[in-house]
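Report on the structure given below.
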There are 2 protein chains.
Amino acid sequence: MSRSPEPRRHATLASLAAELKVSRTTISNAYNRPDQLSAELRERIFTAAKRLGYPGPDPVARSLRTRRAGAVGLVITEPLNYSFSDPAALDFVAGLAESCEDAGQGLLLVAVGPNRSLEDGSAAVLAAGVDGFVVYSASDDDPYLPVVQQRHLPVVVVDQPKDVPGTSRVCIDDRAAMRQIAEYVLGLGHREIGLLTMRLGLERPDGSRPTVADPERLRTPHFHVQRERIAGVYDAVAAAGLDERAVTVVESYEHLPTSGGAAAEVALAANPRLTALMCTADVLALSAMDYLRSRGIYVPGQMTVTGFDGIPDAVRRGLTTVVQPSIEKGRRAGRLLHEPPRDGLPVIEVLDTELLRGRTAGAPS
Amino acid sequence: MSRSPEPRRHATLASLAAELKVSRTTISNAYNRPDQLSAELRERIFTAAKRLGYPGPDPVARSLRTRRAGAVGLVITEPLNYSFSDPAALDFVAGLAESCEDAGQGLLLVAVGPNRSLEDGSAAVLAAGVDGFVVYSASDDDPYLPVVQQRHLPVVVVDQPKDVPGTSRVCIDDRAAMRQIAEYVLGLGHREIGLLTMRLGLERPDGSRPTVADPERLRTPHFHVQRERIAGVYDAVAAAGLDERAVTVVESYEHLPTSGGAAAEVALAANPRLTALMCTADVLALSAMDYLRSRGIYVPGQMTVTGFDGIPDAVRRGLTTVVQPSIEKGRRAGRLLHEPPRDGLPVIEVLDTELLRGRTAGAPS
DNA sequence: GTGAAAGCGCTAACAG
DNA sequence: CTGTTAGCGCTTTCAC
């Protein structure tokens, strides 16, 4: 395989300088400070570079010298197929990517996932050539967060965990938003409500069937977001003067297209008198709707269903839900890293949500 | 803001070595070759590291030394909202991410996009600290490809462009797959076919309304994949002994949820006798179906609709389409980078596709 | 405009 | 098991 003038070994800034008999500074300037040398010389340098196959200053060496990597690390602990199948998470990533793009920064997906051991994942965090991290929706006891913090780089947390000292966060008021939609549902007259939620803890208990969560479990401190959303429902229930037992919480451990249906089934089995199924995520609600339809249960006539997130699919299908600005979350997280507040103090940005009154909630039959 | 024992400036391997009065090698070994020193010493080092806030060897410096960045660069020229709204593209990214994760490599989304100038985008490619690149579905004249090649790193191209010398590629046989589904449609008896396709060129002509593509345009060499799929239809048409004019090609420049409907409208206006709408992407087909329904045109009774990709939504809605293994494409692309063939020769991997006979194709009315 | 000197923080031989 | 010696390829004062 003979190619065109293959460079001896590998062209470097120094070899180029030697070839042209100019100083390394001059070559560096040609790439980084065009105004520091004559246009002709610059041209001559670029020509020689092309001839020698010199691709320009080595990014890694430059990073070492300038102490800037030009990239942001994104740490998502959830399995990738979780995140890539949840439109809300995806929108977040898209927003973050957009913001990075605008700032000319790369976005590095850090190889942290359930396929890998904690050790490997930590190594990946430690080995990431980035200027800062975004940690997306981690559980309160996420093992990677300490590792991220160990890097002493700027960090922005999205959604959860709450209360990471010295760290900025972008989030919504999950509790208030959920309370609002719960009040709406209660206002319609529902008194027996199923609440379908994502897993509340990092561990995956027995198998993977959804289970009814007992009050004990509802208090365990893991996923702050789910907890807050559940708390929002209880807030509304209490405000309406109802008993806590009006709510049947079902926890789904998996994140499949059918998970919501499975959870709905469990909820209805646990309490056949339910007239409303509230869900902490649209994907759950849509799946639950599919299930209900397959069972010939009419929505909203026989069953009210609500979601959370406001993903396009849900909006299209008229789901009554809470719309949260997922893309904007991503953008904000990026901006917090790219243009940190002057005073260097951590910031908490709480974004607005909106109750979307769709066609899936009505009075109980 | 007074913190706990804040390190003087910034702990480094050298400062740790000095502190502990051991050689730098020993510290390095503690992190990279645990078997090269006693367990106690290693422990002692880690303890001191924690105390000084030393996060372990600097990734960038290590990369410079080892000549490995531990990350793969992904170059997608399409606008991000394109890619993030196309489930097939997304599946590809998920597959690639999965493969990177398994290999312990990061995945760097390179800031190349329409928001940025060619110059900025090139700079991003040149500045990416990666060990190789994946270029996803670029047009034949994509301006970033030469820049990627300039880096002299391993490159894997996905789908297109074809014929990049010395570069491996993962793809499917678009032409044969499309021919197959076209033959199926023709076999049902259709003789006037609308073919809805994504944009064929990099530029965006007048505005953004879909347009009927003239034969001239069909020959312009830009997006190889679209071209091949169109060619597959013409193959089938020719094999059936029909005239080329049996096909009305409509090109959509945008990539919105409604683009397929808009293209369908244009196609039907151009030739009201159409009995089938074939699409080069499921997203187009699904949107076209929505449009048809809104116009009271029944599928497949009054209009046959077919897609391409086999995205979950399409499968769920019973679309007749070609299923391609998007996730596997991503995995393969990653593997080609992580475990390159021994002989170093470029490889072309052609993945299998499958015709899915759904519920949206029938005999013409 | 250009060059010389001094590292950025680390790892990889190779000796001891 | 530990230390010594050399850089990896680049940018950045600071003189000239």
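All values below come from the heavy atoms of this structure, side chains included, with hydrogens, waters and symmetry mates left out. Note on naming: letters A, B, ... go to the chains in the order of the sequence lines (proteins, then strands), and numbering restarts at 1 for each one.
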- Just call it for B:Ser38: base, sugar-phosphate, or nothing, with non-hydrogen atoms closer than 4.0 Å on any strand. sugar-phosphate

- Identify whether any heavy atom of A:Val60 sits under 4.0 Å from a base atom; if not, whether one sits that close to sugar-phosphate; answer base, sugar-phosphate or nothing. nothing

- Please check if the distance between the ring centroids of B:Tyr54 and B:Tyr31 is under 6.0 Å. yes

- Item | NZ/NE/NH1/NH2 to OD/OE distance under 4.0 Å, B:Arg335 and B:Asp102 | no

[atom1] of [X] versus [atom2] of [N]: gap in Å, rounded?
X	N	atom1	atom2	value
A:Leu52	D:dG9	CG	P	15 Å
B:Tyr31	C:dT11	OH	C1'	15 Å
A:Gln36	D:dC14	CD	P	15 Å
B:Ile27	D:dT2	CD1	P	10 Å
A:Ile45	C:dG1	CD1	C1'	11 Å
A:Leu16	D:dG9	CG	P	13 Å
B:Arg44	D:dT2	CZ	C1'	13 Å

Name the pairs: protein N/O against N/O of nucleotides 5-9 of chain C, kept only if under 3.5 Å.
{"from": "C:dA6", "atom 1": "N6", "to": "A:Arg24", "atom 2": "NH2", "distance (Å)": "3.2"}
{"from": "C:dG7", "atom 1": "N2", "to": "A:Arg65", "atom 2": "NH1", "distance (Å)": "3.0"}
{"from": "C:dG9", "atom 1": "OP1", "to": "A:Arg67", "atom 2": "NH1", "distance (Å)": "3.3"}

- Between the CG atom in A:Leu337 and the OG atom in A:Ser99, the distance rounded to the nearest 0.5 Å is 8.0 Å

- Item | Distance in Å, A:Arg331 CZ paired with A:Glu98 CD, rounded so as to fall on 0.5 Å steps | 4.5 Å

Looking at [N], I'd like to know if its phosphate oxygens (OP1 or OP2) sit under 4.0 Å from a side-chain N or O belonging to [X].
X	N	result
B:Arg68	D:dC8	no
B:Asn32	C:dT11	yes
B:Ser28	C:dA12	no
B:Arg33	C:dA12	yes

Listing, residues 37-48 of chain B side-chain donor-acceptor contacts under 3.5 Å, not counting sequence neighbours, or none:
{"from": "B:Ser38", "atom 1": "OG", "to": "B:Leu41", "atom 2": "N", "distance (Å)": "3.2"}
{"from": "B:Arg42", "atom 1": "NH1", "to": "B:Ala30", "atom 2": "O", "distance (Å)": "2.4"}
{"from": "B:Thr47", "atom 1": "OG1", "to": "B:Glu43", "atom 2": "O", "distance (Å)": "2.7"}

- Whether A:Gln36 side chain and A:Asn29 backbone form a donor-acceptor pair below 3.5 Å: no

- Note on the structure: The complete set of salt bridge (charged side-chain N to carboxylate O under 4.0 Å, His left out) pairs with one or both residues in residues 13-37 of chain A, sequence neighbours excluded, reads A:Glu19-A:Arg51

